[in-house]
Amino acid sequence: MYEFEYHRATSLDDAAGRLGDADAKLVAGGMTLIPTLKLRLAKPSQLVDLGAIPALKGISEDGDAVVIGAMTRHAEVNRSAVVKRAIPALAAMAGMIGDPAVRNRGTIGGSIANNDPAADYPAAVVALNAAVRTNKREIAADDFFTGLFETALGDGEIVTGVRFPKVQAANYQKFRNPASRYAIVGVFVARSAGGVRVAVTGAGACVFRVPEMEATLARSFTADAIKDIQIKEDELNSDIHASAEYRAHLVNVMARRAVAACA
Ligand SMILES: Cc1cc2nc3c(=O)[nH]c(=O)nc-3n(C[C@H](O)[C@H](O)[C@H](O)COP(=O)(O)OP(=O)(O)OC[C@H]3O[C@@H](n4cnc5c(N)ncnc54)[C@H](O)[C@@H]3O)c2cc1C
(Lines give C-alpha, C1' and ligand atoms only; values in the text may rest on other atoms or scores of the structure.)
Protein backbone atom coordinates (compact mmCIF):
# COMPACT_ATOMS: atom_id res chain seq x y z
CA MET A 1 0.00 0.00 0.00
CA TYR A 2 1.03 3.59 -0.52
CA GLU A 3 0.95 5.89 2.48
CA PHE A 4 -2.33 7.74 3.20
CA GLU A 5 -4.08 9.63 5.99
CA TYR A 6 -7.07 7.97 7.63
CA HIS A 7 -10.07 9.97 8.81
CA ARG A 8 -13.14 8.50 10.52
CA ALA A 9 -15.91 10.96 9.62
CA THR A 10 -18.56 11.65 12.24
CA SER A 11 -21.15 13.31 9.98
CA LEU A 12 -22.03 13.59 6.30
CA ASP A 13 -20.82 17.20 6.22
CA ASP A 14 -17.52 16.11 7.76
CA ALA A 15 -17.10 13.40 5.09
CA ALA A 16 -18.17 15.67 2.23
CA GLY A 17 -15.79 18.39 3.45
CA ARG A 18 -12.87 15.97 3.28
CA LEU A 19 -13.74 15.09 -0.32
CA GLY A 20 -12.73 18.61 -1.34
CA ASP A 21 -9.27 17.08 -1.65
CA ALA A 22 -9.41 15.50 -5.12
CA ASP A 23 -7.27 12.53 -4.00
CA ALA A 24 -9.43 11.64 -1.00
CA LYS A 25 -11.42 8.40 -1.23
CA LEU A 26 -14.44 7.15 0.71
CA VAL A 27 -14.20 3.76 2.39
CA ALA A 28 -17.29 1.78 3.41
CA GLY A 29 -16.61 -1.90 4.24
CA GLY A 30 -13.35 -1.84 2.28
CA MET A 31 -14.20 -5.11 0.50
CA THR A 32 -13.21 -3.72 -2.89
CA LEU A 33 -11.18 -0.69 -1.91
CA ILE A 34 -8.69 -2.34 0.46
CA PRO A 35 -7.59 -5.03 -2.06
CA THR A 36 -7.26 -2.23 -4.65
CA LEU A 37 -4.95 -0.33 -2.30
CA LYS A 38 -2.98 -3.45 -1.43
CA LEU A 39 -2.35 -4.03 -5.13
CA ARG A 40 -1.27 -0.38 -5.43
CA LEU A 41 -3.90 0.25 -8.07
CA ALA A 42 -5.00 3.43 -6.28
CA LYS A 43 -3.06 6.08 -4.41
CA PRO A 44 -5.45 8.20 -2.33
CA SER A 45 -3.96 10.90 -0.12
CA GLN A 46 -6.72 10.34 2.43
CA LEU A 47 -9.24 7.62 3.28
CA VAL A 48 -12.53 8.93 4.66
CA ASP A 49 -14.27 6.17 6.63
CA LEU A 50 -18.09 6.32 6.54
CA GLY A 51 -18.51 3.73 9.31
CA ALA A 52 -19.26 6.13 12.19
CA ILE A 53 -21.97 8.23 10.54
CA PRO A 54 -25.33 7.29 12.12
CA ALA A 55 -27.34 8.85 9.24
CA LEU A 56 -26.00 6.22 6.83
CA LYS A 57 -27.15 3.21 8.84
CA GLY A 58 -30.40 1.33 9.20
CA ILE A 59 -33.43 0.01 7.39
CA SER A 60 -36.86 1.60 7.67
CA GLU A 61 -40.29 1.46 6.10
CA ASP A 62 -41.42 4.72 4.50
CA GLY A 63 -45.05 4.32 3.36
CA ASP A 64 -44.98 2.21 0.22
CA ALA A 65 -41.20 1.83 0.22
CA VAL A 66 -38.24 0.48 2.16
CA VAL A 67 -35.27 2.78 2.72
CA ILE A 68 -31.84 1.22 3.31
CA GLY A 69 -28.95 3.33 4.57
CA ALA A 70 -25.77 3.27 2.48
CA MET A 71 -23.65 1.71 5.25
CA THR A 72 -26.04 -1.19 5.79
CA ARG A 73 -24.23 -4.50 5.39
CA HIS A 74 -25.48 -7.21 3.04
CA ALA A 75 -26.00 -9.55 6.03
CA GLU A 76 -28.25 -6.97 7.69
CA VAL A 77 -30.44 -6.66 4.58
CA ASN A 78 -30.58 -10.45 4.33
CA ARG A 79 -31.70 -10.79 7.97
CA SER A 80 -33.99 -7.75 8.15
CA ALA A 81 -37.57 -8.56 9.15
CA VAL A 82 -38.70 -5.35 7.41
CA VAL A 83 -37.09 -6.27 4.07
CA LYS A 84 -38.21 -9.90 4.32
CA ARG A 85 -41.81 -8.79 4.80
CA ALA A 86 -41.89 -5.90 2.31
CA ILE A 87 -39.60 -7.12 -0.51
CA PRO A 88 -38.55 -10.72 0.23
CA ALA A 89 -36.67 -11.03 -3.08
CA LEU A 90 -34.33 -8.23 -1.99
CA ALA A 91 -33.51 -9.94 1.31
CA ALA A 92 -32.89 -13.21 -0.54
CA MET A 93 -30.64 -11.47 -3.08
CA ALA A 94 -28.49 -9.96 -0.31
CA GLY A 95 -28.04 -13.48 1.07
CA MET A 96 -26.60 -14.63 -2.28
CA ILE A 97 -23.73 -12.12 -2.26
CA GLY A 98 -20.24 -13.60 -1.84
CA ASP A 99 -19.59 -15.49 1.38
CA PRO A 100 -20.32 -14.69 5.06
CA ALA A 101 -17.19 -12.52 5.42
CA VAL A 102 -18.16 -10.43 2.38
CA ARG A 103 -21.76 -10.12 3.55
CA ASN A 104 -20.70 -8.99 7.02
CA ARG A 105 -18.42 -6.22 5.69
CA GLY A 106 -19.79 -5.22 2.27
CA THR A 107 -22.37 -2.42 2.11
CA ILE A 108 -25.17 -1.49 -0.27
CA GLY A 109 -23.66 1.99 -0.78
CA GLY A 110 -20.22 0.59 -1.59
CA SER A 111 -21.68 -2.00 -3.93
CA ILE A 112 -23.69 0.40 -6.06
CA ALA A 113 -21.04 3.16 -6.02
CA ASN A 114 -18.51 0.59 -7.25
CA ASN A 115 -20.92 -0.76 -9.93
CA ASP A 116 -19.03 -3.95 -10.65
CA PRO A 117 -20.56 -5.44 -13.84
CA ALA A 118 -21.17 -8.75 -12.02
CA ALA A 119 -22.56 -7.30 -8.77
CA ASP A 120 -26.06 -8.25 -7.64
CA TYR A 121 -27.43 -4.99 -6.18
CA PRO A 122 -27.50 -3.09 -9.51
CA ALA A 123 -30.03 -5.63 -10.84
CA ALA A 124 -32.23 -5.19 -7.76
CA VAL A 125 -32.00 -1.38 -7.83
CA VAL A 126 -32.96 -1.22 -11.53
CA ALA A 127 -35.68 -3.93 -11.50
CA LEU A 128 -37.32 -2.50 -8.39
CA ASN A 129 -37.14 1.02 -9.89
CA ALA A 130 -35.41 2.28 -6.78
CA ALA A 131 -34.11 5.80 -6.16
CA VAL A 132 -30.52 6.33 -5.03
CA ARG A 133 -30.24 9.08 -2.43
CA THR A 134 -27.06 11.10 -2.12
CA ASN A 135 -25.95 14.05 -0.02
CA LYS A 136 -26.96 16.25 -3.00
CA ARG A 137 -29.99 14.72 -4.76
CA GLU A 138 -32.07 11.66 -5.59
CA ILE A 139 -31.11 9.71 -8.72
CA ALA A 140 -33.52 7.34 -10.51
CA ALA A 141 -32.21 3.78 -10.93
CA ASP A 142 -32.33 4.04 -14.73
CA ASP A 143 -29.98 7.05 -14.60
CA PHE A 144 -27.59 5.86 -11.89
CA PHE A 145 -25.57 3.03 -13.50
CA THR A 146 -23.88 4.55 -16.52
CA GLY A 147 -21.21 2.03 -17.60
CA LEU A 148 -18.44 -0.34 -16.56
CA PHE A 149 -17.62 0.66 -12.93
CA GLU A 150 -19.25 4.02 -13.78
CA THR A 151 -22.16 5.78 -12.09
CA ALA A 152 -23.88 9.16 -12.21
CA LEU A 153 -22.19 10.17 -8.92
CA GLY A 154 -20.34 13.47 -9.23
CA ASP A 155 -17.27 14.73 -7.39
CA GLY A 156 -17.86 14.90 -3.66
CA GLU A 157 -21.16 13.03 -3.93
CA ILE A 158 -21.89 10.40 -1.28
CA VAL A 159 -24.59 7.73 -1.52
CA THR A 160 -26.68 8.08 1.65
CA GLY A 161 -29.27 5.37 0.98
CA VAL A 162 -31.56 3.64 -1.47
CA ARG A 163 -35.37 3.86 -1.54
CA PHE A 164 -36.99 0.67 -2.85
CA PRO A 165 -40.72 0.86 -3.70
CA LYS A 166 -42.70 -2.21 -2.63
CA VAL A 167 -43.85 -4.34 -5.57
CA GLN A 168 -46.53 -6.98 -6.15
CA ALA A 169 -44.02 -9.74 -6.88
CA ALA A 170 -40.29 -10.05 -7.43
CA ASN A 171 -37.59 -12.68 -7.70
CA TYR A 172 -33.85 -12.82 -8.39
CA GLN A 173 -32.13 -15.77 -10.04
CA LYS A 174 -28.36 -15.93 -10.14
CA PHE A 175 -26.03 -18.25 -12.00
CA ARG A 176 -22.94 -17.71 -9.90
CA ASN A 177 -19.26 -18.08 -10.48
CA PRO A 178 -18.42 -20.96 -8.13
CA ALA A 179 -15.10 -19.36 -7.10
CA SER A 180 -15.90 -15.66 -6.57
CA ARG A 181 -19.69 -16.11 -6.20
CA TYR A 182 -20.23 -13.03 -8.40
CA ALA A 183 -22.95 -13.36 -11.03
CA ILE A 184 -22.03 -14.89 -14.36
CA VAL A 185 -25.61 -13.89 -15.11
CA GLY A 186 -28.21 -12.65 -12.65
CA VAL A 187 -31.78 -11.67 -13.57
CA PHE A 188 -34.09 -9.71 -11.27
CA VAL A 189 -37.76 -9.58 -12.28
CA ALA A 190 -40.26 -7.27 -10.56
CA ARG A 191 -43.97 -6.76 -11.20
CA SER A 192 -45.76 -3.69 -9.90
CA ALA A 193 -48.87 -1.65 -10.75
CA GLY A 194 -46.65 0.28 -13.18
CA GLY A 195 -45.66 -2.81 -15.19
CA VAL A 196 -42.87 -5.38 -15.25
CA ARG A 197 -39.14 -4.68 -15.08
CA VAL A 198 -36.42 -7.17 -15.96
CA ALA A 199 -32.83 -6.24 -15.05
CA VAL A 200 -29.77 -8.27 -15.97
CA THR A 201 -26.36 -8.21 -14.30
CA GLY A 202 -23.16 -10.12 -15.07
CA ALA A 203 -23.91 -10.47 -18.77
CA GLY A 204 -22.71 -7.10 -20.05
CA ALA A 205 -20.50 -4.16 -19.13
CA CYS A 206 -23.25 -2.74 -16.93
CA VAL A 207 -26.68 -3.74 -15.67
CA PHE A 208 -29.34 -3.49 -18.40
CA ARG A 209 -33.08 -3.99 -18.89
CA VAL A 210 -34.78 -6.28 -21.43
CA PRO A 211 -37.70 -4.25 -22.87
CA GLU A 212 -39.04 -7.09 -25.04
CA MET A 213 -39.40 -9.37 -22.01
CA GLU A 214 -40.93 -6.56 -19.96
CA ALA A 215 -43.60 -5.83 -22.59
CA THR A 216 -44.42 -9.51 -23.07
CA LEU A 217 -44.61 -10.17 -19.32
CA ALA A 218 -46.88 -7.15 -18.85
CA ARG A 219 -49.37 -8.91 -21.15
CA SER A 220 -48.84 -12.43 -19.86
CA PHE A 221 -46.82 -12.95 -16.67
CA THR A 222 -45.75 -16.53 -17.32
CA ALA A 223 -42.35 -18.11 -17.88
CA ASP A 224 -43.64 -19.66 -21.08
CA ALA A 225 -44.48 -16.25 -22.57
CA ILE A 226 -40.78 -15.30 -22.79
CA LYS A 227 -39.32 -18.66 -23.77
CA ASP A 228 -38.53 -17.52 -27.33
CA ILE A 229 -37.07 -14.12 -26.43
CA GLN A 230 -33.33 -14.27 -26.91
CA ILE A 231 -31.15 -11.25 -26.29
CA LYS A 232 -28.42 -10.39 -28.80
CA GLU A 233 -24.99 -11.63 -27.78
CA ASP A 234 -23.05 -8.89 -29.67
CA GLU A 235 -22.39 -6.73 -26.64
CA LEU A 236 -22.28 -9.42 -23.95
CA ASN A 237 -19.20 -10.41 -21.95
CA SER A 238 -17.15 -13.34 -23.14
CA ASP A 239 -14.40 -14.68 -20.87
CA ILE A 240 -12.93 -17.86 -19.42
CA HIS A 241 -16.08 -18.37 -17.35
CA ALA A 242 -18.70 -18.17 -20.10
CA SER A 243 -19.00 -17.17 -23.76
CA ALA A 244 -21.33 -14.39 -24.87
CA GLU A 245 -23.54 -17.02 -26.50
CA TYR A 246 -23.82 -18.95 -23.22
CA ARG A 247 -24.57 -15.77 -21.28
CA ALA A 248 -27.35 -14.87 -23.76
CA HIS A 249 -28.83 -18.32 -23.19
CA LEU A 250 -28.55 -17.92 -19.41
CA VAL A 251 -30.43 -14.61 -19.46
CA ASN A 252 -33.48 -16.38 -20.87
CA VAL A 253 -33.17 -19.33 -18.47
CA MET A 254 -32.71 -17.14 -15.38
CA ALA A 255 -35.55 -14.80 -16.44
CA ARG A 256 -37.94 -17.74 -16.86
CA ARG A 257 -36.93 -19.16 -13.47
CA ALA A 258 -37.48 -15.77 -11.83
CA VAL A 259 -40.94 -15.38 -13.36
CA ALA A 260 -41.90 -18.92 -12.36
CA ALA A 261 -40.67 -18.26 -8.80
CA CYS A 262 -42.76 -15.05 -8.63
CA ALA A 263 -45.88 -17.03 -9.49
C1 LIG B 1 -14.43 -12.32 -2.37
C2 LIG B 1 -15.54 -11.36 -2.75
C3 LIG B 1 -16.70 -11.87 -3.28
C4 LIG B 1 -17.74 -10.99 -3.63
N5 LIG B 1 -18.88 -11.51 -4.17
C6 LIG B 1 -19.87 -10.67 -4.53
C7 LIG B 1 -21.09 -11.17 -5.09
O8 LIG B 1 -21.31 -12.37 -5.22
N9 LIG B 1 -22.04 -10.26 -5.45
C10 LIG B 1 -21.87 -8.91 -5.29
O11 LIG B 1 -22.77 -8.14 -5.64
N12 LIG B 1 -20.74 -8.41 -4.75
C13 LIG B 1 -19.75 -9.25 -4.37
N14 LIG B 1 -18.63 -8.74 -3.79
C15 LIG B 1 -18.54 -7.27 -3.58
C16 LIG B 1 -19.03 -6.89 -2.18
O17 LIG B 1 -20.34 -7.30 -2.04
C18 LIG B 1 -18.98 -5.39 -1.82
O19 LIG B 1 -20.24 -4.80 -1.85
C20 LIG B 1 -18.15 -4.57 -2.73
O21 LIG B 1 -16.86 -5.13 -2.76
C22 LIG B 1 -18.04 -3.12 -2.18
O23 LIG B 1 -17.50 -3.21 -0.90
P24 LIG B 1 -17.78 -2.18 0.25
O25 LIG B 1 -19.22 -1.97 0.44
O26 LIG B 1 -16.98 -2.64 1.40
O27 LIG B 1 -17.20 -0.79 -0.34
P28 LIG B 1 -15.69 -0.27 -0.38
O29 LIG B 1 -14.79 -1.34 -0.88
O30 LIG B 1 -15.33 0.37 0.90
O31 LIG B 1 -15.86 0.88 -1.48
C32 LIG B 1 -16.05 0.55 -2.85
C33 LIG B 1 -16.07 1.84 -3.68
O34 LIG B 1 -17.25 2.57 -3.43
C35 LIG B 1 -16.97 3.88 -2.91
N36 LIG B 1 -17.98 4.12 -1.88
C37 LIG B 1 -18.21 3.33 -0.78
N38 LIG B 1 -19.28 3.80 -0.12
C39 LIG B 1 -19.73 4.89 -0.79
C40 LIG B 1 -20.82 5.80 -0.59
N41 LIG B 1 -21.67 5.67 0.44
N42 LIG B 1 -20.98 6.82 -1.48
C43 LIG B 1 -20.13 6.95 -2.54
N44 LIG B 1 -19.09 6.13 -2.78
C45 LIG B 1 -18.90 5.11 -1.91
C46 LIG B 1 -15.52 3.80 -2.39
O47 LIG B 1 -14.87 5.06 -2.45
C48 LIG B 1 -14.92 2.80 -3.36
O49 LIG B 1 -14.55 3.45 -4.56
C50 LIG B 1 -17.59 -9.58 -3.44
C51 LIG B 1 -16.40 -9.08 -2.88
C52 LIG B 1 -15.40 -9.94 -2.54
C53 LIG B 1 -14.14 -9.37 -1.92
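Just so you know, ligand 1 is whichever comes first in the structure, and atom 1 is the first atom listed for that ligand. None of the values given here were measured: they were computed from a predicted structure.
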Answer yes or no: is there a donor N or O on one side and an acceptor on the other, between the side chain of [X] and the main chain of [Y], under 3.5 Å?
{"X": "T201", "Y": "A119", "value": "yes"}
{"X": "K174", "Y": "Y182", "value": "no"}
{"X": "T216", "Y": "E212", "value": "yes"}
{"X": "R209", "Y": "A127", "value": "no"}

Task: Listed partners of F144 passing ring pair (Phe, Tyr, Trp, His ring centres under 6.0 Å), at least two apart - done: none
Open item on the list: Between N177 and R181, do the side chains contain a donor N or O and an acceptor N or O under 3.5 Å apart?
Closed with: no
In terms of residue, atom name and distance, what is the protein heavy atom nearest to [atom]?
{"atom": "atom 49 (O) of ligand 1", "value": "K25 NZ, 3.3 Å"}
{"atom": "atom 18 (C) of ligand 1", "value": "H74 NE2, 3.8 Å"}
{"atom": "atom 11 (O) of ligand 1", "value": "D120 N, 2.8 Å"}
{"atom": "atom 12 (N) of ligand 1", "value": "Y182 CE2, 3.4 Å"}
{"atom": "atom 47 (O) of ligand 1", "value": "L26 O, 2.6 Å"}
{"atom": "atom 31 (O) of ligand 1", "value": "L33 CB, 4.2 Å"}
{"atom": "atom 24 (P) of ligand 1", "value": "G29 N, 3.7 Å"}
{"atom": "atom 7 (C) of ligand 1", "value": "G98 N, 3.4 Å"}

Of the listed options ([options]), which comes nearest to [atom] when hydrogens are ignored and any heavy atom counts?
{"atom": "atom 8 (O) of ligand 1", "options": "M71, R176, R181", "answer": "R181"}
{"atom": "atom 21 (O) of ligand 1", "options": "L56, N115, I34, T32", "answer": "T32"}
{"atom": "atom 32 (C) of ligand 1", "options": "G110, A113, G161, P122", "answer": "G110"}
{"atom": "atom 1 (C) of ligand 1", "options": "V102, L47, I53", "answer": "V102"}

Is there a polar contact between ligand 1 and [X], counting only N or O atoms under 3.5 Å apart?
{"X": "M31", "answer": "yes"}
{"X": "E157", "answer": "no"}
{"X": "G106", "answer": "no"}
{"X": "A28", "answer": "yes"}
{"X": "A119", "answer": "no"}

Task: Pairing of D239 and R247 as salt bridge, 4.0 angstrom limit - done: yes
- [ ] Decide, yes or no, whether a salt bridge links D120 with R176 under the criterion of side-chain N to carboxylate O below 4.0 Å.
- [x] no
Open item on the list: Does the plane of the ring in Y246 sit parallel, tilted or perpendicular to the ring in F175? Use 30° and 60° as the thresholds.
Closed with: perpendicular
TODO: Determine, using heavy atoms of K174 and all atoms of ligand 1, whether some pair is separated by less than 4.0 Å.
DONE: yes
All N/O donor-acceptor pairs, side-chain side in residues 224-231, below 3.5 Å, sequence neighbours left out:
none

- [ ] Quick one: do F188 and N171 satisfy side chain to side chain contact (heavy atoms under 4.5 Å, CB included)? Show the steps, please.
- [x] CA-CA 6 Å; F188 205 115; N171 188 265; over 6 Å; no
